[in-house]
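Heads up, the thing below is written out as structure tokens.
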Amino acid sequence: MAGYYSTHLSVFLLLTITSLAMVSVQAQHTRLGFYFRTCPQAESIIRATVQTHVNANPRLAPGLLRMHFHDCFVRGCDASVLIDGASTEKTARPNLSLRGYEVIEDAKKQIEAICPGVVSCADILALAARDSVVLSNGPSWPVATGRRDGRVSLASDTTNLPDVTDSVDVQIQKFADKGLDIKDVVSLVGGHTIGTTACSFVRYRLYNVDSTTGADPLIDPSFIQTLRDLCPADGDPTRRIAFDTGSEDRFDSSFFENLRNGRGVLESDQRLWTDSATQHVVRRFSGPFRGLSRLLFNVEFSQSMGKMGNVGVKTGLEGEIRKVCSKIN
């Protein structure tokens, strides 16, 4: 047993060092402590603001994580998802259920009061996503800062966001287009360990699909009725159900155990287990030693978040520093 825990710790330390190195390499034009001299209170203000809001409403934690993901996959991590207006990214179907805008605006208002025109909304969102994971009992990771805010936000640009019906090949390609690999696909989709989805994204799997059970054959037969009770054929399509059954508010590796057991709520999630291209990663995150599996997931999720957080960033003289996150200057 002592040998197991010694190995456990060695793996953790090795992967943590690797994670920090990857963040450093990926953050080509951003850097840790970017606001150390210009607005040293920024990160603590963001952390405290996220904590206040998440304590009042825990569902904001997965909302902020998802918002950062949706921001980075469209025009890069430039806070374009926050901009109000007709036909902006906010109005696109994949973004209609995003939540947490008020958290970003609250943090921005406080920071502008002491450091006007210094801290970008893109950085606030990246830091808030990290802090929301920590508050959900998940890992922390170094967030390089120095992003600038974009000036363009178009609903038509959201077509490259991952979709619930995407095959694994399509998912891999969409992530590859952002410089992310297969490990990143599985790790980042693992963010579904917290949060909920709408019945409208699940119900098509439950009725009139298969001649035997009527449901998607990828679903564990013993789980079908549970999902049907949550999402009746004639029920409310906006009703929210957990991605990770039994653990929606806790950041852990049980999401991957559910995939192994045919209990993935979204079709695209479940396919990560049934496709050989990704199954080996799911297997690593859902092994017989739950503590070790969770450690591996936490470290690899942190690495992948570091990579994703620097997709298409604007730095230097690109973009702007918005005064209000929902409006272009």
Side-chain angles (χ1 to χ4, degrees), residues 58-74 81 89-101 129 155-175 185-210 213-221 223-249 251 254-275 278 282:
R59 291 192 173 183
L60 287 173
L64 289 166
L65 176 60
R66 183 170 173 239
M67 187 185 294
H68 180 44
F69 181 94
H70 281 223
D71 181 46
C72 292
F73 260 69
V74 181
V81 74
E89 291 172 36
K90 264 188 183 182
T91 68
R93 183 173 181 263
N95 292 336
L96 292 178
S97 60
L98 290 182
R99 61 183 69 189
Y101 295 108
S156 57
D157 287 338
T158 63
T159 55
N160 64 338
L161 283 168
D163 187 80
V164 295
T165 60
D166 284 347
S167 67
V168 169
D169 285 344
V170 170
Q171 292 182 69
I172 290 172
Q173 186 57 57
K174 286 182 175 180
F175 278 70
V185 173
V186 181
S187 298
L188 292 172
V189 170
H192 286 167
T193 182
I194 53 175
T196 62
T197 187
C199 282
S200 58
F201 296 114
V202 180
R203 203 161 52 189
Y204 74 93
R205 303 183 68 203
L206 306 179
Y207 305 95
N208 304 314
V209 179
D210 179 72
T213 64
D216 182 346
L218 295 179
I219 303 174
D220 171 23
F223 190 47
I224 293 171
Q225 192 56 51
T226 299
L227 290 177
R228 285 176 173 166
D229 289 343
L230 291 168
C231 297
D234 58 352
D236 179 3
T238 66
R239 181 179 181 181
R240 310 296 297 183
I241 64 170
F243 287 121
D244 186 6
T245 304
S247 183
E248 67 182 272
D249 294 323
F251 196 99
S254 65
F255 170 76
F256 298 103
E257 295 173 24
N258 281 333
L259 296 189
R260 287 187 71 145
N261 294 326
R263 291 174 170 250
V265 171
L266 297 184
E267 177 187 352
S268 55
D269 290 355
Q270 187 59 55
R271 291 193 179 281
L272 296 179
W273 171 249
T274 59
D275 195 296
T278 48
V282 176

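Values in this document were obtained by computation on a predicted structure and should not be read as measured data.
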All side chain to side chain donor-acceptor pair (under 3.5 Å) counterparts of Arg59, not counting sequence neighbours:
none

What residue among Thr159, Leu161, Val81 forms side-chain contact (heavy atoms from CB on, under 4.5 Å) with Val74?
Leu161

Any side-chain heavy-atom pair from Thr226 and Asp229 closer than 4.5 angstrom?
no

side-chain contact (heavy atoms from CB on, under 4.5 Å) for Phe256 and Leu259? Distances and angles first, verdict last.
CA-CA 5 Å; Phe256 298 103; Leu259 296 189; 4.2 Å; yes

Interatomic distance, OG@Ser167 vs CD@Gln173, rounded to 0.5 Å, equals 10.5 Å

May I ask you to decide if Thr196's main-chain N or O and Arg240's side chain share a donor-acceptor pair within less than 3.5 Å?
yes

Can you tell me how far OG of Ser187 sits from CZ of Phe175, rounded to the nearest 0.5 angstrom?
9.5 Å

Between atom CG of Leu206 and atom CD of Gln225, what is the distance when rounded to the nearest 0.5 Å?
9.5 Å

Which pairs, with at least one residue in residues 192-210 and sequence neighbours excluded, count as a salt bridge (Lys or Arg N to Asp or Glu O under 4.0 Å)?
Arg205-Asp216

Test log, rule side-chain contact (heavy atoms from CB on, under 4.5 Å), inputs Val185 and Leu272:
CA-CA 9 Å; Val185 173; Leu272 296 179; 4.2 Å; yes

Residue list, salt bridge (charged side-chain N to carboxylate O under 4.0 Å, His left out) with Arg263, at least two apart or on another chain
Asp220

Which distance, rounded to the nearest 0.5 Å, do you find between the CG of Asp236 and the SG of Cys199?
7.5 Å

Do Thr238 and Ser200 have side-chain heavy atoms sitting under 4.5 Å apart?
no

Enumerate donor-acceptor pairs with a distance under 3.5 Å from any side-chain N or O in residues 60-67 to protein atoms, sequence neighbours excluded.
| residue | atom | partner | partner atom | Å |
| --- | --- | --- | --- | --- |
| Arg66 | NH1 | Ser97 | OG | 2.9 |
| Arg66 | NH2 | Pro94 | O | 3.1 |
| Arg66 | NH2 | Ser97 | OG | 3.4 |

Going through the checks in order, is the side-chain contact (heavy atoms from CB on, under 4.5 Å) test met by Val189 and Leu266?
CA-CA 11 Å; Val189 170; Leu266 297 184; over 6 Å; no

For Tyr207, side chain to side chain donor-acceptor pair (under 3.5 Å) partners two or more places apart
none

Do side-chain atoms of Lys90 reach the backbone of Asn95 as a donor and acceptor pair under 3.5 angstrom?
no

With sequence neighbours excluded, what pairs up with Asp157 under the salt bridge (charged side-chain N to carboxylate O under 4.0 Å, His left out) test?
Arg75

Taking only residues two or more places apart in sequence or in another chain, which ones pass side chain to side chain donor-acceptor pair (under 3.5 Å) with Thr165?
Asp163

Where Pro162 and Phe73 come nearest, the two heavy atoms and their spacing
CD-CD2, 3.9 Å

By salt bridge (charged side-chain N to carboxylate O under 4.0 Å, His left out) - contacts of Arg93 (at least two apart):
none

With rounding to the nearest 0.5 Å, note down the distance linking CH2 in Trp273 to CD in Glu257.
11.5 Å

Heavy-atom side-chain proximity of Ile194 to Asp249 below 4.5 angstrom
no

Please lay out, stage by stage, how Ser268 and Gln171 fare under the test side-chain contact (heavy atoms from CB on, under 4.5 Å).
CA-CA 8 Å; Ser268 55; Gln171 292 182 69; 3.7 Å; yes

Could you work out, with side-chain contact (heavy atoms from CB on, under 4.5 Å) as the rule, every residue matching Asp275, not counting sequence neighbours?
Val168, Ala277, Thr278

Which heavy atom of His68 sits nearest to which heavy atom of Ala129, and what is that distance?
CB-CB, 3.7 Å

Tested for side-chain hydrogen bond (donor to acceptor under 3.5 Å, both in side chains) against Lys174, the lone hit among Asn160, Asp169, Asp166 is Asp166

Okay, side chain of Glu248, backbone of Ala242: is any donor-acceptor separation there less than 3.5 Å?
no

Taking side-chain contact (heavy atoms from CB on, under 4.5 Å) as the test, write out the residues that go with Ala155, two or more places apart.
Thr91, Ala92

Would you call Thr158 and Glu89 a side-chain contact if the rule is heavy atoms closer than 4.5 Å?
yes

Partners meeting ring-ring contact (aromatic ring centres under 6.0 Å, His included) with Phe243 (sequence neighbours left out):
His192

Side-chain contact test, heavy atoms from C-beta onward, threshold under 4.5 Å: evaluate it for Thr245 versus Phe223 and give yes or no.
yes

With Ser254, which residues qualify under side chain to side chain donor-acceptor pair (under 3.5 Å), at least two apart?
Asp244, Asp252

